[in-house]
Amino acid sequence: MSYNRSIVAEKSYRFSLQIIELYKALTINNKEYVLSRQILRCGTSIGANVEEGRAAISRKDFISKNSIALKEARETHYWLRLLRDTNFLPIDFIKLIDDCYELIKILTSIVKTTQSRL
């Protein structure tokens with residue numbers, strides 16, 4: 001059985017992998033911060049909701065799952081900017097922030113286009 005290729009699914013999966021690596025960096029020395037759990041939760045939730053949307057049973061269900069993914073992407077974008085602006089870690093967040101913003105743009109387009117077809 002062939003699984004249709006989805007650019008947003010692939011990008012959100014790769015983004016989740018980056019978020020997991022960031023989480024690992026945030027939890028060095030077995031210390032865990034609220035911020036690290038938040039970014040792990042919302043950053044990996046994007047791809048999970050995109051995948052759920054791919055199996056939607058209706059157009060409304062598809063919009064709902066992708067809308068949730070969009071909200072999670074916006075929250076992730078917020079946490080990434082906070083990490084960057086507080087110098088919480090000595091790493092460059094530009095690529096992660098750019099990748100997150102790209103997901104926001106793609107998901108916004110998917111939701112708006114699908115809503116216009118209802």
Side-chain angles (χ1 to χ4, degrees):
M1 178 196 305
S2 169
Y3 194 62
N4 293 337
R5 182 174 184 266
S6 165
I7 291 171
V8 71
E10 289 176 16
K11 285 182 180 289
S12 60
Y13 182 81
R14 284 194 309 268
F15 184 75
S16 291
L17 294 174
Q18 292 176 302
I19 290 296
I20 291 168
E21 289 304 313
L22 174 60
Y23 173 78
K24 289 178 186 177
L26 288 168
T27 56
I28 292 175
N29 299 326
N30 294 325
K31 290 183 181 177
E32 187 166 14
Y33 304 95
V34 172
L35 197 62
S36 59
R37 291 297 275 169
Q38 281 295 112
I39 198 124
L40 178 67
R41 184 200 56 75
C42 61
T44 56
S45 178
I46 300 165
N49 280 290
V50 166
E51 283 297 322
E52 285 188 46
R54 295 183 73 197
I57 57 173
S58 68
R59 193 169 277 175
K60 282 187 175 187
D61 187 31
F62 178 82
I63 291 169
S64 175
K65 297 302 182 204
N66 281 281
S67 293
I68 293 168
L70 175 56
K71 289 177 184 182
E72 296 293 343
R74 289 185 172 282
E75 181 181 347
T76 303
H77 192 255
Y78 173 80
W79 292 120
L80 288 171
R81 288 181 298 126
L82 267 180
L83 284 170
R84 178 199 62 201
D85 295 344
T86 58
N87 297 313
F88 200 79
L89 284 177
I91 63 173
D92 185 3
F93 286 93
I94 293 173
K95 172 122 175 64
L96 265 176
I97 291 171
D98 287 348
D99 289 349
C100 190
Y101 188 66
E102 183 179 0
L103 284 169
I104 289 169
K105 291 191 309 188
I106 292 168
L107 289 164
T108 299
S109 177
I110 288 169
V111 170
K112 285 184 176 182
T113 300
T114 308
Q115 284 175 330
S116 72
R117 294 178 181 165
L118 279 181

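What you are looking at is a predicted structure, and each value in this text was computed from that prediction instead of being measured. The figures that follow rest on heavy atoms only: side chains count, while hydrogens, waters and symmetry mates do not.
- Side-chain contact check for L26 versus L35: every heavy-atom pair is 4.5 Å or farther apart.
- Here the straight-line distance linking atom NZ of K105 with atom OG1 of T108 works out to 10.0 Å at 0.5 Å rounding.
- Here the side chain of R5 pairs no donor or acceptor atom with the backbone of E10 at under 3.5 angstrom.
- Residue R37 qualifies as open at atom CZ: its count of foreign heavy atoms under 6.0 Å is 12 or below.
- To the nearest 0.5 Å, the span separating SG on C100 from NZ on K95 amounts to 12.0 Å.
- Under the 3.5 Å distance criterion, the side-chain polar atoms of T86 are matched with a main-chain donor or acceptor of L82.
- Nearest heavy atom pair, residue A56 against residue D61, reads CA-OD2, 3.2 Å.
- When the side chains of ILVMFWY residues are joined at heavy-atom separations under 4.5 Å, either directly or via intervening members, V8 and I104 end up in a single hydrophobic cluster.
- Closest approach of V111 and S67 over heavy atoms only: CG1-OG, 3.6 Å.
- The CG atom of L17 sits 10.0 Å away from the OG atom of S12 when rounded to the nearest 0.5 Å.
- Listed here is the closest heavy atom pair of S16 and G47: OG-N, 4.4 Å.
- Residues N49 and L70 are not in side-chain contact: their nearest non-hydrogen atoms beyond the backbone lie 4.5 Å or more apart.
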Exercise for the section: Decide yes or no on salt bridge (charged side-chain N to carboxylate O under 4.0 Å, His left out) for E21 and K24, but give the supporting numbers first. Expected result: CA-CA 5 Å; E21 289 304 313; K24 289 178 186 177; 3.1 Å; yes

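- Ionic pairing of E51 and R54 is present here: one or more N-O contacts between side-chain nitrogen and carboxylate oxygen are shorter than 4.0 angstrom.
- To the nearest 0.5 angstrom, E52 atom CD is 9.0 Å from S64 atom OG.
- Taking 4.5 Å as the limit, some side-chain heavy atom of I110 sits within range of a side-chain heavy atom of I106.
- Residue I94 qualifies as open at atom CD1: its count of foreign heavy atoms under 6.0 Å is 12 or below.
- K65 has its side chain out of reach of V50: every pair of non-hydrogen atoms, C-beta onward, lies at least 4.5 Å apart.
- By the 4.5 Å heavy-atom criterion applied to side chains, L22 and F93 are counted as neighbours.
- For the atom pair CD of Q18 and CG of D99, the computed distance is 5.0 Å after rounding to the nearest 0.5 Å.
- Considering only heavy atoms from C-beta on, H77 comes within 4.5 Å of I97 through its side chain.
- Separation of atoms CD1 (I63) and CZ (R117) is listed at 10.5 Å; rounding is to 0.5 Å.
- With hydrophobic clusters built from ILVMFWY side chains whose heavy atoms lie under 4.5 angstrom apart, F62 shares a cluster with I46.
- Shown here is Y13, whose OH atom has no more than 12 heavy atoms of other residues, nucleotides or ligands within 6.0 Å.
- Residues L83 and I39 have side chains in contact (heavy-atom distance under 4.5 Å, counting atoms from C-beta outward).
- Using a 4.5 Å heavy-atom cutoff, the side chains of F15 and L96 are in contact.
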